[in-house]
Amino acid sequence: VTEDIGAIRNKLETNPNIASFTFAGSSPVGLHPIFATENWSWKGLPEGTHTSFYRLYVDSEYLKVFEIPLVKGRSFTHTETSSQNIVINEKLGSLLGFKDPVGEKIRRGEEVYEIIGVVKDFHFQDLSNEILPLVLMYSPSRNNLYLKIVPPVERTIDQIQKQLVQFTEQPLSLSFIEKGFNEQYKSERKMVSGIIAFTCLSILLACLGLVGLISYSTELKTKEIAIRKVLGSLSYQILILLN
């Protein structure tokens, strides 16, 4: 969906079942290593230091749609005129070493970028991974469209498809962010299920072994139990002895 972003926006804004939408290079879930770029530099960085940041192209609605909190400065606006303005995450802010990164500049090659805002750190990869430095760059015409919709979901999706079909000859590919998020942890869920299954099996085998041991122990004490009963022991006293 790249032919006429302005017309697409106008179409989507007329749909009351769309709460908000954004055009971006990727969702903040499962950001692939291909989005990492190297050779960043800034004032105070020791010469020869290797740097690698994740880079994500977003528009002015991205933080709102994905509910990413802004902790310093500002986000991008509809009237953003400079593609050299960037927003960074807290991890990168601490790495740069500035007291306040807003207003500072960083470079990549010949390109110079000014930091206009800082967002709260969020996991854009598997939760088991450390949060890495991230740069959000302004680009209002990326070909991935992310929408936050309200029920009824199926009818709204059908409306969106009818609205967008005129802008592209390619079939629309739709998916839910939640599904992608769940796919990230499919292997972990399988591993947890396996651990639970083997744990239950181990407990069962332990219980069977314990029952066998109790039966054997009771059989060894058969004569003793008989003598105690003859001498007047009560049943609960014999149970206490066996326990």
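Annotation: the span from Leu63 atom CG to Ser75 atom OG amounts to 4.0 Å, rounded to 0.5 Å. Taking CG of Asn85 as the reference point, atom OH of Tyr113 lies at 11.0 Å (rounded to 0.5 Å). Asp121 contributes atom CG, which lies 10.0 Å from atom CD of Glu130 (distance to the nearest 0.5 angstrom). The structure places SG of Cys200 at 12.0 Å from CD1 of Ile195, a figure rounded to the nearest 0.5 Å. Of the inter-residue distances, the one linking Leu136 atom CG with Ile115 atom CD1 reads 11.5 Å to the nearest 0.5 angstrom. With values rounded to the nearest 0.5 angstrom, Phe21 atom CZ is found 9.5 Å from Lys64 atom NZ.
The nearest pair of heavy atoms linking Ala19 to Val150 is CB-CG1, 4.4 Å. Contact record, Arg142 with Phe23: O-CD2, 3.3 Å, taken as the closest heavy-atom pair. Met137 and Phe76 get closest at one heavy-atom pair: C-CZ, 4.0 Å. Of all non-hydrogen atoms in Tyr54 and Gln125, the two that sit nearest each other are OH-NE2, 2.8 Å. Shortest non-hydrogen contact noted between Ser83 and Tyr138 is CB-O, 4.4 Å.
Counting non-hydrogen atoms of neighbouring residues, nucleotides and ligands closer than 6.0 angstrom, the CD atom of Glu219 reaches no more than 12 such neighbours. Around atom CZ of Arg155, no more than 12 heavy atoms belonging to other residues, nucleotides or ligands sit under 6.0 Å away. The environment of CD in Glu154 is sparse: at most 12 heavy-atom neighbours from other residues, nucleotides or ligands sit within 6.0 Å. Within a 6.0 Å radius of NE2 in His78, no more than 12 heavy atoms belonging to other residues, nucleotides or ligands are found.
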Name the atoms and distances for all side-chain donor-acceptor pairs under 3.5 Å in residues 94-107, with sequence neighbours left out.
{"residue": "Ser94", "atom": "OG", "partner": "Glu90", "partner atom": "O", "Å": "3.4"}
{"residue": "Ser94", "atom": "OG", "partner": "Lys91", "partner atom": "O", "Å": "2.8"}
{"residue": "Asp100", "atom": "OD1", "partner": "Val102", "partner atom": "N", "Å": "3.2"}

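Following chains of ILVMFWY side-chain contacts shorter than 4.5 Å, one cannot reach Val118 starting from Tyr62, and the two form parts of different hydrophobic clusters. The hydrophobic clustering, which links ILVMFWY residues whose side-chain heavy atoms are closer than 4.5 Å, places Ile34 and Leu31 together. Taking hydrophobic clusters as Ile, Leu, Val, Met, Phe, Trp and Tyr residues chained together by side-chain heavy-atom distances below 4.5 Å, Tyr146 shares a cluster with Val58. Residue Phe66 is grouped with residue Phe35 when hydrophobic side chains (ILVMFWY) are merged at heavy-atom distances under 4.5 angstrom, including chains of intermediate members. At a threshold of 4.5 Å between side-chain heavy atoms, the hydrophobic network of Ile, Leu, Val, Met, Phe, Trp and Tyr places Ile238 and Ile214 in two separate groups.
Distance alone, capped at 3.5 Å, is enough to place a donor-acceptor pair between the Ser202 side chain and the Phe198 backbone. Here the side chain of Asn39 pairs no donor or acceptor atom with the backbone of Arg108 at under 3.5 angstrom.
Side-chain atoms of Lys229 and Ser235, non-hydrogen and from C-beta on, do get closer than 4.5 Å to each other. Taking the side chain as every heavy atom from C-beta outward, Ile131 and His123 approach each other to under 4.5 Å. Considering only heavy atoms from C-beta on, Ser52 stays 4.5 Å or farther from Trp40 through its side chain. Proximity of Leu134 to Phe122: side-chain heavy atoms (C-beta onward) are separated by under 4.5 Å at one or more points. Residues Val153 and Phe176 form a side-chain contact, since some pair of their non-hydrogen atoms from C-beta on lies under 4.5 Å apart. Under the 4.5 Å side-chain criterion, counting only non-hydrogen atoms from C-beta, Ile149 is not in contact with Asn17.
Checked for salt-bridge contact, Arg9 and Glu61 miss the test: no charged N lies under 4.0 Å from a carboxylate O.
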Verify side chain to side chain contact (heavy atoms under 4.5 Å, CB included) between Trp42 and Thr51, making sure each step is shown before the conclusion. CA-CA 10 Å; Trp42 58 91; Thr51 56; 3.8 Å; yes
Where do Ile88 and Phe53 land on the side chain to side chain contact (heavy atoms under 4.5 Å, CB included) test, with the steps shown first? CA-CA 10 Å; Ile88 64 174; Phe53 303 158; over 6 Å; no
Val135 vs Thr37, side chain to side chain contact (heavy atoms under 4.5 Å, CB included): CA-CA, chis, key distance, verdict: CA-CA 10 Å; Val135 177; Thr37 54; over 6 Å; no
Using the side chain to side chain contact (heavy atoms under 4.5 Å, CB included) rule, take Asn10 and Thr14 through it: C-alpha gap first, then chi angles, then the decisive distance, then the call. CA-CA 7 Å; Asn10 293 335; Thr14 62; 5.9 Å; no
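With sequence neighbours excluded, the residues satisfying side-chain contact (heavy atoms from CB on, under 4.5 Å) with Tyr216 are Leu220. Among residues two or more places apart in sequence or in another chain, the side-chain hydrogen bond (donor to acceptor under 3.5 Å, both in side chains) test is passed with Ser193 by none. Qualifying salt bridge (Lys or Arg N to Asp or Glu O under 4.0 Å) partners for Lys162, counting only residues two or more places apart in sequence or in other chains: Asp158. When the side-chain hydrogen bond (donor to acceptor under 3.5 Å, both in side chains) test is applied to Glu111, the partners found at least two apart in sequence or on another chain are Gln84.
Of the residues listed (Val29, Leu56, Leu132), the one engaging Phe124 in a side-chain contact (heavy atoms from CB on, under 4.5 Å) is Leu132, and it is the only one.
Listed by first and then second residue, the salt bridge (charged side-chain N to carboxylate O under 4.0 Å, His left out) pairs involving residues 39-56 amount to none (not counting sequence neighbours).
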